[in-house]
Every structure is written in C-alpha cells, then in structure tokens.
Amino acid sequence: MSCCALKAQHSEALLKAVFFERFSRFIDWPTDVSPGNTFKIATIGQNSNVIRELKRIYAQQKIQDKKVEIINLDSIDQIVASDCQILFITSDMSKDIEKIN
C-alpha cells in the first residue's frame with residue numbers, strides 16, 4: 001500500500017471520528033440516558049483507524065459532562081450487554097445490519 005493510500009485512509013478515519021463527535025453535540029440526550037459516570041460508545045466491526053481516532057478525540061471530549069468510554073465489541077450478541085448509548089457500526093458490518101436492531 002502506498003504512502004498516499006495510507007494517508008487517505010487516516011484522513012477518512014479522522015473525518016468520520018470528528019463528524020461523529022460533532023454530531024453527538026447536537027443530540028438532546030435524555031437526562032437518564034447515562035446514569036453512571038461514563039457515556040458509553042460501542043463500536044462493532046474492523047475499522048481500527050476510526051476506532052483509534054474516536055478514542056483519541058474522546059480522551060479529551062465529554063458528552064453531557066461525562067467521560068466517554070469507547071468499547072470494542074466482537075459480536076452482535078454483545079450489543080445489548082454493552083449498555084451503550086451510541087453504537088458505531090463500521091462498513092464491514094453492513095452485511096449484518098439487518099441483525100442489528
């Protein structure tokens with residue numbers, strides 16, 4: 001893979017993560033959406049670049065004045081147990097989107 005291709009992948013991942021963070025600011029979250037001390041974002045799929053950027057951004061940003069925890073899920077079965085407020089589904093999981101609801 002060329003240097004330019006790697007740079008493009010990194011830029012796309014950063015853009016997605018930044019959009020995700022900005023988008024979360026404009027949601028009117030119910031006050032009881034995250035009763036603990038953390039706001040949980042679960043990710044499912046294999047896009048390590050986006051996941052890495054989300055972790056980097058949310059190491060400094062908060063949602064509803066709460067620390068954000070990024071949880072990586074290995075299977076669809078883990079979604080409910082994750083008790084997350086947001087689920088980020090990577091493009092490689094698009095074939096399973098019907099199973100996630």
So does Asp96 pair up with Lys99, basic N to acidic O under 4.0 Å? yes

Pair Thr38, Val68 - check side chain to side chain contact (heavy atoms under 4.5 Å, CB included), show working. CA-CA 6 Å; Thr38 60; Val68 178; over 6 Å; no

Using 0.5 Å steps for rounding, measure from the CD1 atom of Ile71 to the CG atom of Leu87. 10.5 Å

Using 0.5 Å steps for rounding, measure from the NZ atom of Lys55 to the CD1 atom of Ile57. 13.5 Å

Across all chains, not counting sequence neighbours, the side-chain hydrogen bond (donor to acceptor under 3.5 Å, both in side chains) partners of Arg22 are none

Side chain of Gln85, backbone of Phe39: donor and acceptor closer than 3.5 Å? no

Within this structure, what is the CZ-CD1 distance for the pair Phe88 and Ile70, rounded to the nearest 0.5 Å? 10.0 Å

Please tell me whether Val80 and Ile89 are part of a single hydrophobic cluster in this structure, the criterion being side-chain heavy atoms less than 4.5 Å apart. no

dist Cys84:SG -> Ile44:CD1 (nearest 0.5 Å) comes out at 9.5 Å

I'd like to know whether Leu14 forms a side chain to side chain contact (heavy atoms under 4.5 Å, CB included) with Arg56, so could you lay out the CA-CA distance, the side-chain angles of the two residues, the decisive distance to 0.1 Å, and finally the verdict. CA-CA 10 Å; Leu14 179 59; Arg56 188 180 63 77; 3.1 Å; yes

Does any pair with a residue in residues 69-80 pass side chain to side chain donor-acceptor pair (under 3.5 Å), and if so which ones, sequence neighbours excluded? Thr43-Asn72

Is it true that a side-chain atom of Asp92 and a backbone atom of Gln46 form a donor plus acceptor pair closer than 3.5 Å? yes

Could you please spell out the steps behind the side chain to side chain contact (heavy atoms under 4.5 Å, CB included) verdict for Thr90 and Met93? CA-CA 6 Å; Thr90 62; Met93 292 298 294; 4.0 Å; yes

Kindly compute the distance separating CG (Leu54) from NZ (Lys16), expressed to the nearest 0.5 Å. 10.5 Å

Output the distance between atom CD (Gln60) and atom CD (Glu21), rounded to the nearest 0.5 Å. 10.5 Å

Non-neighbouring partners of Tyr58 that pass ring pair (Phe, Tyr, Trp, His ring centres under 6.0 Å), sequence neighbours left out: none

Same cluster (ILVMFWY, side-chain, under 4.5 Å), Phe23 and Val50: yes

